[in-house]
S.K.: 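Dropping a structure here in structure tokens format, bear with me for questions.
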Amino acid sequence: MATFRLRRFSRPEFLKAIAPEKLIAFLRPYERYFASRGVTLPPTYSAAKLDYSGLVKAFLSPDSKTPKELIDALYIVDEMATPEGMDALLDEVDRQNLMLATGSDYSPEDIAVQVWLLNRDILERKHAEHYLAKARSFESYQMDRFR
């Protein structure tokens with residue numbers, strides 16, 4: 001299996017910055033996979049019982065049974081869980097008149113997961129735009145460097 005690096009999902013404090021009920025909803029489609037790795041996803045009403053260290057261990061050691069869709073979801077959320085990513089996502093959610101969960105103290109990681117749950121296409125599109133912008137910026141840097 002190809003290696004992928006998760007800068008944020010590899011840290012329990014990152015996971016704890018996501019509303020537990022949203023994190024459980026995000027991971028629920030892969031419940032059987034996590035169970036096979038020794039991690040039980042609790043019911044949403046018992047979100048305080050979430051095994052953060054078990055999740056991190058599963059994220060850091062994917063195997064051949066790790067669902068490709070889970071890897072894709074983790075990678076995209078991980079990449080967009082930055083202040084810049086959050087701003088782009090909030091702008092798009094606002095532009096489309098969509099509603100996130102009420103509250104005012106959301107982290108970039110929480111916003112990325114909420115947008116994934118609300119409309120996965122938005123997160124994927126914004127991630128692609130972000131990636132293209134980074135590639136163009138790097139090309140411009142390389143061209144300036146060799147002039």
Side-chain angles (χ1 to χ4, degrees), residues 1-139 141:
M1 171 172 274
T3 311
F4 76 112
R5 195 176 74 184
L6 299 170
R7 291 185 297 264
R8 294 166 189 82
F9 275 99
S10 61
R11 299 188 330 254
E13 63 272 14
F14 170 88
L15 297 176
K16 291 176 181 176
I18 302 169
E21 64 279 357
K22 299 295 182 195
L23 181 58
I24 291 169
F26 175 69
L27 299 174
R28 184 73 67 205
Y30 314 102
E31 185 169 20
R32 291 169 79 186
Y33 166 73
F34 287 111
S36 77
R37 300 295 302 268
V39 179
T40 303
L41 296 178
T44 304
Y45 61 83
S46 298
K49 296 179 182 179
L50 193 55
D51 181 3
Y52 293 103
S53 60
L55 287 171
V56 167
K57 194 179 297 184
F59 296 149
L60 289 176
S61 59
D63 59 20
S64 62
K65 294 180 176 141
T66 306
K68 180 191 175 317
E69 299 81 18
L70 173 60
I71 291 172
D72 290 344
L74 292 171
Y75 178 74
I76 292 171
V77 169
D78 194 80
E79 289 281 305
M80 292 302 292
T82 64
E84 298 81 20
M86 180 173 84
D87 289 343
L89 293 171
L90 289 173
D91 287 347
E92 185 65 18
V93 165
D94 188 46
R95 191 180 71 72
Q96 293 193 26
N97 292 319
L98 301 172
M99 296 295 297
L100 295 176
T102 58
S104 60
D105 193 28
Y106 290 118
S107 65
E109 41 278 335
D110 195 68
I111 294 298
V113 168
Q114 281 196 58
V115 172
W116 179 273
L117 293 170
L118 182 66
N119 186 330
R120 174 182 175 167
D121 292 338
I122 291 173
L123 196 72
E124 289 175 339
R125 186 169 68 305
K126 288 298 172 184
H127 178 260
E129 289 171 9
H130 179 72
Y131 177 78
L132 288 173
K134 281 175 49 175
R136 277 190 232 125
S137 175
F138 179 74
E139 285 174 8
Y141 166 76

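Here, residue 1 is the first one in the sequence, and each next residue gets the next number. None of these values were measured; they are calculated from a predicted model.
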S.K.: Please check: side-chain N/O of Tyr106 versus main-chain N/O of Met86, any donor-acceptor pairing under 3.5 Å?
M.R.: no

S.K.: Please name all residues satisfying side-chain hydrogen bond (donor to acceptor under 3.5 Å, both in side chains) with Arg8, sequence neighbours left out, ordered by chain then number.
M.R.: none

S.K.: Please report the interatomic distance OH(Tyr75) to NE2(His127), rounded to the nearest 0.5 Å.
M.R.: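 With rounding to 0.5 Å, OH (Tyr75) is 4.5 Å from NE2 (His127).
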
S.K.: Could you tell me whether Arg95 and Asp91 have a side-chain N and a carboxylate O separated by less than 4.0 Å?
M.R.: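 Salt bridge: no.
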
S.K.: Taking all non-hydrogen atoms of both residues, which atom of Pro108 and which atom of Pro83 are closest, and how far apart?
M.R.: CG-N, 4.0 Å

S.K.: For Tyr33, enumerate each residue passing the side-chain hydrogen bond (donor to acceptor under 3.5 Å, both in side chains) test, keeping only those at least two apart in sequence or located in another chain.
M.R.: Arg37, Thr66

S.K.: Parallel under 30°, tilted from 30 to 60°, perpendicular over 60°: which one fits the rings of Phe26 and Phe9?
M.R.: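 Judged by the thresholds at 30° and 60°, the geometry between Phe26 and Phe9 is parallel.
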
S.K.: Drop me the distance from Asp78's CG to Ile71's CD1, to the nearest 0.5 angstrom.
M.R.: 13.0 Å

S.K.: Run the side chain to side chain contact (heavy atoms under 4.5 Å, CB included) test on Leu98 and Val115 for me, step by step, so that the C-alpha distance in whole Å, both residues' side-chain angles and the decisive distance to 0.1 Å come before the verdict.
M.R.: CA-CA 10 Å; Leu98 301 172; Val115 172; over 6 Å; no

S.K.: Please round to the nearest 0.5 Å and tell me the distance separating atom CH2 of Trp116 and atom CG of Leu89.
M.R.: 12.0 Å

S.K.: When rounded to the nearest 0.5 angstrom, what distance separates CD in Glu129 from CE in Met80?
M.R.: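 Here the interatomic distance stands at 8.5 Å.
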
S.K.: Search all heavy atoms of Ala17 against all heavy atoms of Ser107 and return the closest pair with its distance.
M.R.: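 Minimum heavy-atom contact is O-OG, 2.8 Å.
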
S.K.: Show me the donor-acceptor pairs, under 3.5 Å and distance only, between side chains in residues 44-60 and residues at least two apart or in other chains.
M.R.:
{"from": "Asp51", "atom 1": "OD1", "to": "Ser53", "atom 2": "OG", "distance (Å)": "3.3"}
{"from": "Asp51", "atom 1": "OD1", "to": "Gly54", "atom 2": "N", "distance (Å)": "2.9"}

S.K.: If I take atom CD from residue Gln96 and atom CG from residue Asn119, how far apart are they, to the nearest 0.5 angstrom?
M.R.: 6.5 Å

S.K.: What are the two closest non-hydrogen atoms of Leu23 and Leu15, and how far apart are they?
M.R.: CD2-O, 3.9 Å

S.K.: How many angstroms lie between atom CD of Glu109 and atom OG1 of Thr82, to the nearest 0.5 angstrom?
M.R.: 9.5 Å

S.K.: What residue among Leu117, Asp110, Leu118 forms side chain to side chain contact (heavy atoms under 4.5 Å, CB included) with Gln114?
M.R.: Asp110

S.K.: With side chain to side chain donor-acceptor pair (under 3.5 Å) as the rule and sequence neighbours excluded, what pairs involving residues 13-28 come up?
M.R.: Arg11-Glu13, Arg28-Glu31

S.K.: Tell me, please, which residues at least two apart from Arg32 pass side-chain hydrogen bond (donor to acceptor under 3.5 Å, both in side chains).
M.R.: none

S.K.: Who pairs with Asp94 by side-chain contact (heavy atoms from CB on, under 4.5 Å), at least two apart in sequence or on another chain?
M.R.: none

S.K.: Does the side chain of Leu70 come within less than 4.5 Å of Phe34's, by heavy atoms?
M.R.: yes

